[in-house]
Amino acid sequence: MDPRSLTPVLRVLRVCPHLLVAALLAPAALRAASPAAVAAAAATGAVYAVGSALRTVRESRRAAALWLGALTASWLVLLGVTPDGLWLAFPLYFLHLHLLPVRWSLPAVAATAGAAILSYVRHGAPLSPGAFIGPLLGAAVAVATVLGYQALYRESERHRRLVEELTSTRAELAAAERHAGTLAERERLAREIHDTLAQGLSSIQLLLRAAERALPEGSPVAAGHIERARRTAQDNLAEARRFVRALAPADLEHGSLAAALERLCEARGPGTGPRVRFAVSGTPVALPTPYEVALLRIAQSALANTVRHAGAERAGITLTFMDASVTLDVVDDGRGFDPRSRKPSPSGGFGLPAMRSRAESLGGTFTVESAPGQGTAVAVALPLRSGGVG
């Protein structure tokens, strides 16, 4: 930890262990009143001070183990000189538990407690339950404190990671919702422009052609005005259609609906779902952009349902052009379901109503044929105007 990042409270807590070691070493040297005890206490304090100042001790388990070995050895020398050295066992417990792995720290704590008890007995002090209970109780308190703190720290880290994941997920969800909203608004604008402006300009063209044919001969001025108005309407219709194409989904920007559906099927690689076959029936005709958008989105949604819920091995998408309609069929050999059920799958239920709404908003029909164990067939039919589509 960078010392500059510590709060005042943490700075005080960091200094407290050093003060505790100094407070325990001083009585051990002074009460013994012997040069050996003073030298042993000074050596132990020096080893402790050097190790506390070295960054490698905090960053390397090997360096920490070597330092703890040297500190324990100097403490044992002090313990052999004076029984008052046993009080230093308490901070040693925390150092072992903090710097060593659990598989090594617990035996080290037990050995330190045993050494403190043996030193008390060796120096001939009167035996009492406190001589044994004191070091053992101190070791138990140290173990419970450190392991409890480590458990709380791990739990805190787990919560922190969960909060970070939640924040990241919320950001991704917000971005996805914005993207989906942008696409939905683009499709809505394309549909509105096609159904209102483009159709209105197309009707104006037809009316101007009719007026041009109804003009009596010898009306060049009126005919010229009508011709210019018709061309202006035609130019504006082409511009409106360019707007519609620009607002279309990205899958339709570089090709026809059939090409987009074929790419959709080819995108299902090995291990990503059933094998999907695409076919076109009839003579393809130009479709309005709202038709292409709706059929592509329905195909994507139906195929996604197949991958997520059907457990199918094979699926097929067929685009059929007929004189009065264009139809899209998505068929799979999956597990099927009961279409009369409100929720076709335990984890879904919104996809089918959304597909039906798309089809019906364009005056089409949407049907689902399925039964448990017999696969699923989704069909949508959109009407075509006689003589082509606008």
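Only this structure's heavy atoms are used, side chains among them; waters, hydrogens and symmetry mates stay out.
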Pairwise distance [atom1]([X]) to [atom2]([Y]) - rounded to 0.5 angstrom:
X	Y	atom1	atom2	answer
Ile317	Gln300	CD1	CD	9.0 Å
Leu319	Asp329	CG	CG	9.0 Å
Leu303	Ile298	CG	CD1	13.5 Å
Leu147	Leu152	CG	CG	11.0 Å

Say whether [X] and [Y] are linked into one hydrophobic cluster, either directly or through other cluster members, by side-chain heavy-atom distances under 4.5 angstrom.
X	Y	value
Phe321	Leu362	yes
Val331	Leu352	no
Val326	Phe366	yes
Val378	Met322	no
Trp104	Leu92	yes

- Please check if atom CZ in Arg160 has more than 12 non-hydrogen atoms from other residues, nucleotides or ligands closer than 6.0 Å. yes

Margin query: Surrounding CD of Gln150 (heavy atoms of other residues, nucleotides or ligands, distance under 6.0 Å), is the total greater than 12?
Written below: yes

What closest approach, in Å, do [X] and [Y] show between heavy atoms, and which atom pair accounts for it?
X	Y	value
Cys265	Val276	SG-CG1, 3.4 Å
Thr327	Ala381	CG2-CB, 3.7 Å
Leu257	Glu292	CD1-O, 3.6 Å
Gly336	Ser370	CA-OG, 3.4 Å
Leu382	Ala359	CD2-O, 3.9 Å

Next on the checklist: With a 3.5 Å distance limit and no angle check, can you tell me whether Thr167 reaches the backbone of Val163 through a side-chain donor-acceptor pair?
Outcome noted: yes

ask   = Is Thr72 reaching over with its side chain to a backbone N or O of Leu68, donor-acceptor style, under 3.5 angstrom?
value = yes

Measuring only between side-chain heavy atoms, which start at C-beta, is [X] closer than 4.5 Å to [Y]?
X	Y	value
Leu287	Leu384	yes
Leu95	Trp67	yes
Tyr291	Leu328	no

**Prompt:** Charged N to carboxylate O under 4.0 angstrom, Arg161 versus Glu165?
**Reply:** no

- prompt: Under the side chain to side chain contact (heavy atoms under 4.5 Å, CB included) criterion, do Thr44 and Leu71 qualify, and how do the steps go?
  reply: CA-CA 6 Å; Thr44 303; Leu71 182 62; 4.0 Å; yes

| said: Run the side chain to side chain contact (heavy atoms under 4.5 Å, CB included) test on Leu296 and Leu261 for me, step by step, so that the C-alpha distance in whole Å, both residues' side-chain angles and the decisive distance to 0.1 Å come before the verdict. | reply: CA-CA 7 Å; Leu296 177 60; Leu261 291 174; 4.0 Å; yes

Open item on the list: As a quick check of understanding, evaluate salt bridge (Lys or Arg N to Asp or Glu O under 4.0 Å) for Arg154 and Glu157, giving each step before the final call.
Closed with: CA-CA 5 Å; Arg154 288 193 298 269; Glu157 283 295 296; over 6 Å; no

Applying side chain to side chain contact (heavy atoms under 4.5 Å, CB included), run through Leu97 and Leu106 and close with a yes or a no. CA-CA 7 Å; Leu97 291 167; Leu106 293 180; 4.0 Å; yes

From the list Asp332, Asn305, Asp333, side chain to side chain contact (heavy atoms under 4.5 Å, CB included) with Thr376 holds only for Asp332

